[in-house]
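Heads up, the thing below is written out as structure tokens.
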Amino acid sequence: MRHRGSYLGFVWAVLTPLFTAALYVVVFGYIFGGRFHVLPNETGKDYAIGVFLGLLLFHLVAETMAVAPTIVLSQPNLVKKVVFPVEILSLAQLGAFWFHAMISLALVAISAATIGHGLSLTGLAWLPLILLPLVLLTVGLGWLLAAAGVYFRDITQIVPLLSQILLWSSAVFFTPERIAEKSAFGWSILKWNPLLHTIDLARDALLFDQPVNGLHLAYTWGFGAAMFALGYAVFRASKRTFAEAL
């Protein structure tokens with residue numbers, strides 16, 4: 001649906017992240033000269049690929065937050081007139097987000113193997129275990145916000161601000177260690193952000209060939225499972241009154 005009617009069609013699903021990755025290499029890698037300071041011989045390309053990976057995972061959560069509050073509101077006929085499992089509305093939208101994210105993730109892997117420090121095959125094997133908690137988190141968050149959006153319409157106005165806060169609190173452009181070095185108080189708060197750990201784990205495993213922090217991985221699994229259960233429980237309890245609220 002996103003690409004229907006365009007001349008290149010599905011090709012845009014590859015071209016868009018490819019152009020974005022090239023832009024990050026030029027801007028972050030060369031113009032700003034950014035570095036994560038994880039590898040001894042880290043280059044601007046390594047930094048740009050790391051930023052691209054971080055933003056890719058951030059956008060999965062940000063897009064979920066942006067779309068979920070209106071997903072039920074935008075389909076009143078399905079809610080009011082048809083016996084339909086409305087849970088699927090959120091899952092279908094998230095499926096589209098994750099499908100495009102997998103294409104971008106493949107470009108990250110290709111970039112790391114060709115122009116970056118190299119692709120860690122061990123890290124590639126760890127990647128499903130690192131990303132599955134984020135799947136649980138986005139699904140649960142989508143259900144929770146979809147249910148809340150039916151009754152609290154102001155959520156759509158709050159989400160952009162929350163997305164900006166999430167972006168700068170998730171260590172997309174720097175490492176968590178840098179946060180801890182600069183502000184112990186800030187780290188005492190931000191260390192509870194599961195997206196921060198997911199991004200850091202994915203970069204360490206896939207791009208930097210660093211050992212996976214088992215404690216941080218376990219935390220992301222626990223948080224993702226809890227959000228999945230909470231979102232499903234709230235959505236299931238609320239959907240009985242969706243028709244009246246609409």
Side-chain angles (χ1 to χ4, degrees), residues 1-3 12-14 16-21 23-24 27-28 34 48-74 89-108 127 130-150 152-176 179 186 189-203 206 219-220 223-224 226-228 230-231 234-235:
M1 290 294 291
R2 179 181 297 186
H3 305 291
W12 283 114
V14 178
T16 300
L18 186 63
F19 290 151
T20 304
L23 181 63
Y24 289 155
V27 174
F28 292 109
I49 296 170
V51 169
F52 182 54
L53 176 58
L55 285 172
L56 161 64
L57 300 180
F58 158 75
H59 280 302
L60 281 168
V61 180
E63 288 180 326
T64 301
M65 293 170 60
V67 173
T70 60
I71 198 72
V72 175
L73 296 174
S74 63
L89 294 174
S90 180
L91 291 176
Q93 189 63 63
L94 288 172
F97 292 158
W98 275 96
F99 177 77
H100 283 84
M102 290 301 102
I103 296 175
S104 298
L105 193 61
L107 293 176
V108 170
L127 198 59
I130 295 172
L131 294 184
L132 279 175
L134 189 60
V135 175
L136 295 176
L137 188 152
T138 52
V139 171
L141 182 63
W143 278 330
L144 182 64
L145 291 178
V150 175
F152 306 102
R153 308 297 172 90
D154 290 343
I155 289 180
T156 56
Q157 307 301 319
I158 300 173
V159 161
L161 174 61
L162 295 179
S163 295
Q164 289 298 315
I165 295 173
L166 182 65
L167 172 64
W168 296 106
S169 64
S170 298
V172 172
F173 302 99
F174 38 80
T175 61
I179 301 174
I189 299 174
L190 297 183
K191 69 180 180 180
W192 302 109
N193 178 0
L195 181 59
L196 177 148
H197 294 299
T198 298
I199 291 174
D200 189 52
L201 288 166
R203 279 197 303 237
L206 188 63
Y219 174 71
T220 63
F223 195 99
M227 180 59 72
F228 182 91
L230 175 64
V234 171
F235 192 93

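The two atoms that bring G142 and S90 nearest to each other are C-OG, 3.6 Å, heavy atoms only. When all heavy atoms are compared, the tightest approach of F52 to S104 is CE2-O, 3.9 Å. Closest non-hydrogen pair, H197 versus K191, comes out as NE2-O, 2.6 Å. Taking every heavy atom of both residues into account, G149 and L73 meet most closely at O-CD1, 3.5 Å. In this structure, I71 and A146 approach most closely via the heavy-atom pair CG2-CB, 3.5 Å.
Residues that satisfy the side-chain contact (heavy atoms from CB on, under 4.5 Å) test with L91, not counting sequence neighbours, are V139, W143. By the side-chain contact (heavy atoms from CB on, under 4.5 Å) test, A202 is found to be paired with L53, L57, L127, I130, residues two or more places apart in sequence or in another chain being considered. Scored by the side-chain contact (heavy atoms from CB on, under 4.5 Å) test, P194 finds L137, Y219, F223 as partners (sequence neighbours excluded). By the side-chain contact (heavy atoms from CB on, under 4.5 Å) test, S170 is found to be paired with L166, V172, N193, L195, I199, residues two or more places apart in sequence or in another chain being considered. Taking the side chain to side chain donor-acceptor pair (under 3.5 Å) definition, one finds that T138 meets it with W98, sequence neighbours left out. In this view, F58 satisfies the ring pair (Phe, Tyr, Trp, His ring centres under 6.0 Å) rule with no residue, not counting sequence neighbours.
Taking 4.5 Å as the limit, every side-chain heavy atom of L145 sits out of range of all side-chain heavy atoms of F152.
A distance of 11.0 Å separates CE of M227 from CG of L136, quoted to the nearest 0.5 Å. Here the CE atom belonging to M65 is positioned 11.0 Å from the CG atom belonging to L144, to the nearest 0.5 angstrom. In this structure, CZ on F97 lies 13.5 Å from CE on M102, to the nearest 0.5 angstrom. Atom OG1 of residue T175 and atom CG of residue L196 lie 9.5 Å apart, to the nearest 0.5 angstrom. Expressed to the nearest 0.5 Å, how far CG of L141 lies from CG of L94 amounts to 8.5 Å. The distance from the CG atom of L60 to the CG atom of L131 is 8.5 Å, given to the nearest 0.5 Å.
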Output a table of donor-acceptor pairs, distance under 3.5 Å, between side-chain atoms of residues 155-162 and any protein atom two or more places apart or on a different chain; print 'none' if there are none.
| unit_1 | atom_1 | unit_2 | atom_2 | d |
| --- | --- | --- | --- | --- |
| T156 | OG1 | R153 | O | 3.1 |

